[in-house]
Amino acid sequence: MFYLVSYDIPDTPRRTKIAKTLKDFGERVQYSVFECLLDQVLLDKMVFRLEKIIEKEEDSIRIYGLCGNCEKAVQVLGLGIVVNYPGFLREDWRNKLTGEGLDKG
């Protein structure tokens, strides 16, 4: 499923950790916005990692799941494109997240 993830993190070190974590799962499309194409397993992993970083009393992360029809209706005005993945998830991300295809030697 296609997810739009936005965040508002006042603390710079935590904000940096959030951005680095989200880069493992998707593509940054604006300063605090990522687009991610994930199955349920990867979504759960992403949420788990994000929850370990945030301070629930100070930080906000929103994850919007977009259905196929909604994804097709996304419009970009000005700079940028909607991230489009042939297949379901970029192979290098899947390998990185699952450990598949990595040299074990």
Side-chain angles (χ1 to χ4, degrees):
M1 186 170 200
F2 188 80
Y3 294 94
L4 182 69
V5 182
S6 67
Y7 58 88
D8 185 7
I9 311 291
D11 179 73
T12 298
R14 274 199 319 274
R15 186 172 52 248
T16 301
K17 288 180 183 176
I18 292 295
K20 286 182 178 179
T21 298
L22 288 172
K23 283 181 182 177
D24 289 341
F25 293 92
E27 195 76 36
R28 178 180 248 158
V29 293
Q30 290 188 345
Y31 188 73
S32 299
V33 180
F34 282 77
E35 291 177 351
C36 307
L37 192 56
L38 307 169
D39 60 19
Q40 188 62 51
V41 172
L42 291 175
L43 175 65
D44 292 344
K45 285 183 179 182
M46 182 180 77
V47 169
F48 177 76
R49 287 178 57 187
L50 293 173
E51 285 182 329
K52 289 179 18 182
I53 299 168
I54 66 167
E55 291 292 333
K56 292 184 178 180
E57 297 79 27
E58 298 179 22
D59 303 336
S60 175
I61 299 177
R62 293 175 179 256
I63 302 170
Y64 301 93
L66 301 177
C67 68
N69 286 334
C70 297
E71 179 186 345
K72 293 174 187 169
V74 174
Q75 296 182 31
V76 177
L77 306 177
L79 299 175
I81 61 170
V82 177
V83 175
N84 185 6
Y85 307 99
F88 190 65
L89 178 66
R90 283 179 27 178
E91 192 67 25
D92 56 332
W93 290 350
R94 177 171 295 285
N95 291 345
K96 184 176 181 181
L97 295 169
T98 63
E100 294 174 11
L102 298 178
D103 184 14
K104 306 286 184 193

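Only this structure's heavy atoms are used, side chains among them; waters, hydrogens and symmetry mates stay out.
Contact annotation: the side chain of Ile61 approaches that of Ile9 to within less than 4.5 Å [non-hydrogen atoms, C-beta and beyond]. Considering only heavy atoms from C-beta on, Phe34 stays 4.5 Å or farther from Tyr3 through its side chain. Leu42 has its side chain within reach of Asp39: a pair of non-hydrogen atoms, C-beta onward, lies under 4.5 Å apart. A heavy-atom distance below 4.5 Å is found between the side chains of Arg15 and Tyr31. Residues Glu55 and Asp11 fail the side-chain proximity criterion, which asks for heavy atoms closer than 4.5 Å.
Rounding to the nearest 0.5 Å gives a distance of 10.0 Å between CD of Gln30 and CG of Leu79. Atom NZ in Lys56 sits 5.0 Å away from atom CD in Glu51 (nearest 0.5 Å). One distance of note links OH of Tyr7 with OG1 of Thr21; it measures 10.0 Å at 0.5 Å rounding. In this structure, Leu38 CG and Leu43 CG are separated by 6.0 Å, a value rounded to the nearest 0.5 Å. Atoms CG and CZ, from Leu37 and Phe25 in turn, are 13.5 Å apart once rounded to the nearest 0.5 Å.
If you run side chain to side chain contact (heavy atoms under 4.5 Å, CB included) between Leu22 and each of Arg28, Met46, Arg49, only Met46 comes through.
Closest approach of Cys36 and Gly26 over heavy atoms only: SG-CA, 3.7 Å.
Cluster annotation: Val29 is connected to Tyr64 through the hydrophobic network of ILVMFWY side chains, with a link wherever side-chain heavy atoms come within less than 4.5 Å. Using a 4.5 Å cut-off between side-chain heavy atoms of Ile, Leu, Val, Met, Phe, Trp and Tyr, with links allowed through other members, Val41 and Val47 fall into different hydrophobic clusters. A single hydrophobic cluster is seen to contain both Val76 and Leu66, as judged by linkage of ILVMFWY side chains at heavy-atom distances under 4.5 Å, directly or through other members.
Note on Lys45 versus Asp24: no salt bridge recorded, every NZ/NE/NH1/NH2 to OD/OE distance being 4.0 Å or above.
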